[in-house]
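Some notes on the structure that comes next.
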Amino acid sequence: MNYTNDDITVKEKLKLVNYLPEIGIKRIQKEIITGLQSTPKYISPKFFYDEAGSKLFKEITQLKEYYPTRTEKTIITNIYPKLNLNVSKLNIVELGSGDHSKISLFLKQIPENTHEHITYYPIDISQSSIKDASFQLHKEFPLIHISGIVADFIHQLKSLSFEGPCLFCFFGSTIGNLSPYEVKEFMDDLSSIMKPDDHLLMGMDLEKDIQTLEKAYNDTQNTTSSFNKNILNVVNSLTGSTFNTNHFNHHAFYNSYHRRIEMHLIAKKYMLINIPSTEPISIAMGESILTEYSHKFHPDSIEQIGKAAQLKLNKIHTDDKEWFSLVHFTKK
């Protein structure tokens with residue numbers, strides 16, 4: 001996560017730009033410290049994705065317990081013909097691109113003779129993920145123009161603009177990581193940069209039995225636990241704090257009332273965490289730091305989210321078990 005230096009790479013049909021310095025490290029430090037001083041304490045899930053966190057999440061997506069990625073991929077594999085897209089001068093904008101395997105499945109379905117008219121914009125907070133995805137996709141689809149953007153798309157979305165028709169892709173049910181207020185704010189921002197007849201393809205995890213949900217976030221190999229604890233290493237790197245990951249337990253459970261998985265780090269003992277720019281932060285034994293929500297959706301809530309953002313719901317595409325959905329909206 002490079003918040004201090006502009007990083008621009010330009011090759012034929014390949015461009016990478018880093019917008020994180022526009023936010024700046026001091027604002028990020030303030031955001032983290034505010035969360036740790038709150039009651040209850042929290043850390044934004046966007047800080048999971050440094051280079052180590054991105055690699056751990058890729059491992060999570062390959063675990064047998066973690067159904068969302070493989071289920072979503074079964075839907076993506078056959079989705080292109082169902083969208084009726086005009087690919088002439090089409091921009092494909094992927095928010096939170098991370099692992100490029102999903103967009104690769106999608107791009108393979110588009111006729112190769114149209115690739116030269118397509119520009120793909122992967123947008124992610126992880127600079128290493130953007131670089132890897134952009135260079136790998138450039139090799140796989142050499143005719144497609146690739147313009148990678150390193151950015152916090154939750155806070156920087158309104159500053160982005162794209163000439164010509166767009167298909168926005170927001171895979172992985174990342175929308176579920178946001179609170180209801182944040183969903184409203186994010187969807188309003190996204191709608192504001194969409195032009196009439198632009199498309200949005202959004203992954204949204206569906207409600208299902210609690211056992212399946214909780215297994216997905218408590219794998220037997222403890223990879224999710226390592227991923228969760230690594231967020232403290234990221235916080236240490238960004239703020240100079242003194243967290244020790246060994247002093248916390250991973251805890252994930254389904255909150256039935258709010259219809260969401262909650263992921264927490266639970267302190268094994270009382271501790272004082274030193275941060276150079278502020279007073280030490282005390283954490284009681286058994287106290288929780290919230291690191292992620294993962295809301296689960298049903299058709300009515302999906303329709304309401306689109307309607308509130310003035311988007312037309314075209315269709316909810318699901319797998320055979322109806323565990324996951326890929327929702328197709330268009331801007332009115």
Side-chain angles (χ1 to χ4, degrees), residues 1-23 46 49-55 57-58 61 69 72-73 76-77 79-80 83 85-172 174 190 193-195 198-201 203:
M1 295 180 185
N2 186 351
Y3 288 93
T4 56
N5 298 313
D6 295 325
D7 189 1
I8 300 175
T9 302
V10 180
K11 293 176 64 177
E12 185 181 1
K13 297 191 177 181
L14 175 62
K15 181 181 179 182
L16 305 177
V17 181
N18 181 14
Y19 285 96
L20 290 181
E22 293 182 5
I23 296 177
K46 69 185 177 186
Y49 299 100
D50 67 341
E51 187 170 1
S54 296
K55 288 179 179 178
F57 185 70
K58 188 173 182 179
T61 64
T69 300
E72 185 177 30
K73 283 182 176 181
I76 293 174
T77 300
I79 196 70
Y80 171 74
L83 303 179
L85 293 173
N86 180 358
V87 293
S88 176
K89 297 184 179 179
L90 179 67
N91 299 311
I92 299 177
V93 183
E94 186 179 6
L95 306 174
S97 52
D99 176 14
H100 60 278
S101 61
K102 294 176 187 177
I103 200 66
S104 179
L105 288 173
F106 183 80
L107 294 175
K108 285 177 181 176
Q109 300 169 63
I110 301 176
E112 189 172 346
N113 61 0
T114 66
H115 284 191
E116 200 164 357
H117 305 294
I118 294 172
T119 301
Y120 169 60
Y121 294 89
I123 305 174
D124 200 275
I125 199 169
S126 171
Q127 183 170 296
S128 60
S129 293
I130 284 289
K131 281 189 172 182
D132 180 61
S134 297
F135 282 100
Q136 291 300 319
L137 288 168
H138 180 61
K139 292 178 181 178
E140 191 173 358
F141 305 98
L143 296 178
I144 293 177
H145 300 263
I146 298 175
S147 186
I149 300 173
V150 183
D152 180 348
F153 60 84
I154 298 297
H155 291 114
Q156 295 183 296
L157 190 58
K158 290 182 74 173
S159 64
L160 302 176
S161 62
F162 307 93
E163 294 184 8
C166 291
L167 165 66
F168 290 87
C169 297
F170 195 27
F171 298 137
T174 305
L190 179 56
I193 68 169
M194 292 177 71
K195 299 175 292 296
D198 276 357
H199 298 257
L200 168 62
L201 199 57

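Sequential numbering from 1 along the given sequence is applied to the chain's residues.
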For K89, what residues pass the salt bridge (Lys or Arg N to Asp or Glu O under 4.0 Å) criterion, not counting sequence neighbours?
none
Restricting to side chain to side chain contact (heavy atoms under 4.5 Å, CB included), what partner residues turn up for K195, sequence neighbours left out?
C166, D198
For T114, side chain to side chain contact (heavy atoms under 4.5 Å, CB included) partners two or more places apart
V87, I110, P111, I118
Between the side chain of Q136 and the main-chain N/O of D132, is any donor-acceptor distance below 3.5 Å?
no
Just to verify, what does H199 make a ring-ring contact (aromatic ring centres under 6.0 Å, His included) with, not counting sequence neighbours?
H328
For F170, ring-ring contact (aromatic ring centres under 6.0 Å, His included) partners two or more places apart:
F153, F186
Backbone N or O of D124 within a donor-acceptor pair of the E94 side chain at under 3.5 Å?
no
Restricting to side-chain hydrogen bond (donor to acceptor under 3.5 Å, both in side chains), what partner residues turn up for S134, sequence neighbours left out?
none
For the pair E51 (side chain) and S128 (backbone), establish whether a donor and an acceptor sit closer than 3.5 Å, ignoring hydrogens and angles.
no
Identify, with sequence neighbours excluded, every residue that meets side-chain hydrogen bond (donor to acceptor under 3.5 Å, both in side chains) alongside T174.
none
Are D152 and L20 close enough, and set up right, to give a side chain to side chain contact (heavy atoms under 4.5 Å, CB included), and what steps lead you there?
CA-CA 7 Å; D152 180 348; L20 290 181; 4.3 Å; yes
Extract all donor-acceptor atom pairs below 3.5 Å that involve side chains of residues 139-147 and protein atoms in other chains or at least two apart in sequence.
residue: E140; atom: OE1; partner: S104; partner atom: OG; Å: 3.1
residue: E140; atom: OE2; partner: S104; partner atom: OG; Å: 2.8
residue: H145; atom: NE2; partner: E116; partner atom: O; Å: 3.4

Partner set under ring-ring contact (aromatic ring centres under 6.0 Å, His included) for H117, not counting sequence neighbours
none
With sequence neighbours excluded, residues passing salt bridge (Lys or Arg N to Asp or Glu O under 4.0 Å) with K102:
E72
Tell me every residue that passes side-chain hydrogen bond (donor to acceptor under 3.5 Å, both in side chains) with D99, counting only those two or more places apart in sequence or in another chain.
S101
Sequence neighbours excluded, the answer for side chain to side chain contact (heavy atoms under 4.5 Å, CB included) partners of K158 is D189, S192
